[in-house]
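See below for the structure under consideration.
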Amino acid sequence: MEEAVLLNQTSLVTYFWLRGLSVNQKAQIAMFSMFLIFYVLTLIGNILIVITIIYDHRLHTPMYFFLSNLSFIDVCHSTVTVPKMLRDTWSEEKLISLDACVTQMFFLHLFACTEIFLLTVMAYDRYVAICKPLQYMIVMNWKVCVLLAVALWTGGTIHSIALTSLTIKLPYCGPDEIDNFFCDVPQVIKLACTDTHVIEILIVSNSGLISVVCFVVLVVSYAVILVSLRQQISKGRRKALSTCAAHLTVVTLFLGHCIFIYSRPSTSLPEDKVVSVFFTAVTPLLNAIIYTLRNEEMKSAFNKLVGRKVFFTQYYIISV
């Protein structure tokens with residue numbers, strides 16, 4: 001009772017101060033330029049992937065359906081944190097309201113968890129395509145693909161609601177400093193004016209368990225795929241290995257961060273910011289690069305799209 005009265009008398013925090021990446025002005029200018037380029041390239045690259053897949057009917061297959069979902073998620077995932085980080089680079093007071101902080105956490109975990117589920121589904125898609133090619137279009141028909149897409153978005157939403165609900169119900173009355181450039185659950189709950197040990201365990205058992213389980217499923221899937229590839233002809237093996245190598249690279253980059261951050265108690269490490277930058281600003285761009293540069297079908301479709309656009313532009317100029 002006395003604790004509740006004391007809490008009511010305490011001035012509750014309505015804004016948080018983000019430390020950002022650096023206090024050095026020259027370093028901030030360099031980081032602003034670098035991450036602005038990353039963000040613009042991320043938008044252009046992933047949006048072009050979606051447009052190319054929609055435009056080219058040859059890419060209307062389950063694999064590219066899920067790839068277009070991945071590109072859409074990467075655009076959204078990067079947009080949750082990077083624009084705020086770029087704006088804060090030029091601001092002395094890197095403030096974010098409690099409501100904005102909760103909103104950022106919700107969408108961050110929505111897109112991150114949905115991407116984890118999507119990468120797992122994409123591994124299953126490759127397993128069926130390589131290990132059971134004759135049954136592929138039966139197993140991965142369009143109805144199944146749509147249901148899987150709905151399921152992974154629903155799972156991401158439920159996960160995000162659960163985490164933000166645990167966070168928003170906590171009292172915050174100081175300190176108000178987050179040692180990062182965006183709001184994330186582990187950093188925010190450390191600022192609560194109450195014992196958060198149980199909530200930290202729930203977060204580790206939720207986010208950490210999802211990351212680890214999905215990673216194990218992915219590793220097992222690719223182990224089975226690699227065993228199956230030993231029995232295939234060399235040309236088909238090279239194409240399948242190229243696709244799987246691209247997917248496995250994305251998985252390692254993305255899930256590595258999730259396991260590192262969410263599979264341990266809420267303690268700050270010097271590496272956290274570096275890992276978070278890579279997770280939010282670099283990985284979404286790498287996804288686009290990896291899936292296009294290592295994919296002959298995507299490069300062919302993209303060149304076809306660009307060539308037709310150039311042709312229509314030249315035709316229009318000559319007509320005018």
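Although no hydrogens or angles enter the test, the distance criterion places a donor-acceptor pair under 3.5 Å between the side chain of His60 and the main chain of Ile54. Although no hydrogens or angles enter the test, the distance criterion places a donor-acceptor pair under 3.5 Å between the side chain of Thr164 and the main chain of Ile161. The main-chain N or O of Phe106 is found under 3.5 Å from a side-chain atom of Ser160 such that the two form a donor-acceptor pair. For Thr283 (side chain) and Phe278 (main-chain N/O), a donor-acceptor pair under 3.5 Å exists by modelled atom type. Counting only distance, with no hydrogens or angles, the side chain of Thr196 and the backbone of Ile199 share no donor-acceptor pair below 3.5 Å. Under a 3.5 Å cut-off, the side chain of Asp184 and the backbone N or O of Gln187 do not form any donor-acceptor pair.
By the neighbour-count criterion of 12 heavy atoms within 6.0 Å, atom CD1 of Ile47 is densely surrounded, having more than that number from other residues, nucleotides or ligands. The environment of CZ in Phe107 is sparse: at most 12 heavy-atom neighbours from other residues, nucleotides or ligands sit within 6.0 Å. No more than 12 heavy atoms of other residues, nucleotides or ligands shown are found within 6.0 angstrom of CZ on Phe215. Around atom CZ of Arg58, more than 12 heavy atoms belonging to other residues, nucleotides or ligands sit under 6.0 Å away.
For Asp74, the side-chain hydrogen bond (donor to acceptor under 3.5 Å, both in side chains) partners two or more places apart in sequence, or in a different chain, are Asn287. For Lys94, there are no side-chain hydrogen bond (donor to acceptor under 3.5 Å, both in side chains) partners two or more places apart in sequence or in a different chain. With sequence neighbours excluded, the residues satisfying side-chain hydrogen bond (donor to acceptor under 3.5 Å, both in side chains) with Thr79 are Tyr39.
Minimum interatomic distance between Ile210 and Cys113 (heavy atoms only, all atoms of both residues): CD1-SG, 4.2 Å. The shortest non-hydrogen separation linking Lys84 to Leu95 is NZ-O, 2.7 Å. The shortest non-hydrogen separation linking Phe117 to Gly156 is CE1-N, 3.8 Å. Closest of all the heavy-atom pairs between Thr167 and Val185 is OG1-CG1, 3.6 Å. Between Ser211 and Ile116, the closest heavy-atom pair is OG-CD1, 3.9 Å. Here the closest heavy-atom approach between residue Pro83 and residue Ser78 is recorded as CD-O, 3.7 Å.
Side-chain contact between Cys183 and Ile178 is present, with at least one heavy-atom pair separated by less than 4.5 Å. Contact of the Asn141 side chain with the Met137 side chain is not registered, since no non-hydrogen atoms from C-beta on lie closer than 4.5 Å. Using a 4.5 Å cut-off on side-chain heavy atoms (C-beta onward), Val82 and Phe181 make no contact. Using a 4.5 Å heavy-atom cutoff, the side chains of Asn180 and Ser276 are in contact. With a 4.5 Å cut-off on side-chain heavy atoms, Val121 and Phe66 count as touching. At least one side-chain heavy atom of Leu108 sits less than 4.5 Å from a side-chain heavy atom of Thr81. Looking only at side-chain heavy atoms (C-beta outward), Tyr15 and Leu98 stay at 4.5 Å or farther from each other.
In this structure, the separation between OG1 on Thr14 and CD1 on Ile96 is 12.5 Å, given to the nearest 0.5 Å. Note: Ile51 CD1 to Ser68 OG = 12.0 Å, rounded to the nearest 0.5 Å. Rounded to the nearest 0.5 angstrom, Thr61 OG1 and Met140 CE are separated by 10.0 Å. Annotation: the span from Met122 atom CE to Arg126 atom CZ amounts to 8.0 Å, rounded to 0.5 Å. Taking OG1 of Thr114 as the reference point, atom CG of Asn69 lies at 9.5 Å (rounded to 0.5 Å). In this structure, CD1 in Ile201 is found 3.5 Å from NE2 in His197, a value given to the nearest 0.5 Å.
No side-chain donor from either of Tyr64 and Asp56 sits under 3.5 Å from a side-chain acceptor of the other.
A perpendicular orientation is assigned to the rings of Phe16 and Tyr172, their planes being inclined by more than 60° (bins at 30° and 60°). The aromatic rings of Phe35 and Phe38 lie perpendicular to each other, with more than 60° between the two planes, well past the 30° mark. Using the six-membered ring where Trp is involved, Trp90 and Phe32 have ring planes that are perpendicular, over 60° apart on the 30 and 60° scheme.
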ask   = Val80 and Gln104: side chain to side chain contact (heavy atoms under 4.5 Å, CB included), yes or no, with the steps?
value = CA-CA 6 Å; Val80 171; Gln104 191 177 57; 3.7 Å; yes
query = Do Phe182 and Met85 pass the side chain to side chain contact (heavy atoms under 4.5 Å, CB included) test, and can you show the C-alpha distance, the side-chain angles, and the key distance before you say yes or no?
reply = CA-CA 7 Å; Phe182 65 94; Met85 177 186 68; over 6 Å; no
ask   = Given the rule in the side chain to side chain contact (heavy atoms under 4.5 Å, CB included) test, do Leu163 and Met105 qualify, once you have shown the distances and angles that lead to the verdict?
value = CA-CA 9 Å; Leu163 281 192; Met105 286 189 293; over 6 Å; no
task = Walk me through it: do Tyr124 and Val139 pass the test side chain to side chain contact (heavy atoms under 4.5 Å, CB included)?
result = CA-CA 11 Å; Tyr124 175 70; Val139 175; 3.5 Å; yes
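Under the 4.5 Å side-chain heavy-atom criterion for Ile, Leu, Val, Met, Phe, Trp and Tyr, Leu119 and Ile289 are members of the same hydrophobic cluster. One hydrophobic cluster holds both Leu41 and Val277 under the rule that ILVMFWY side chains link at heavy-atom gaps under 4.5 Å. One hydrophobic cluster, built from ILVMFWY side chains closer than 4.5 Å, cannot hold both Val102 and Trp17; they sit in different ones. Ile37 and Leu48 fall within the same hydrophobic cluster, where Ile, Leu, Val, Met, Phe, Trp and Tyr residues are linked whenever their side-chain heavy atoms come under 4.5 Å apart, directly or through other members. Val146 and Val50 end up in different hydrophobic clusters when Ile, Leu, Val, Met, Phe, Trp and Tyr side chains are linked at under 4.5 Å.
Checked against the 6.0 Å centroid threshold, His77 and Phe279 count as a close aromatic pair. Aromatic rings from Phe65 and Trp142 are positioned such that their centres are separated by under 6.0 Å.
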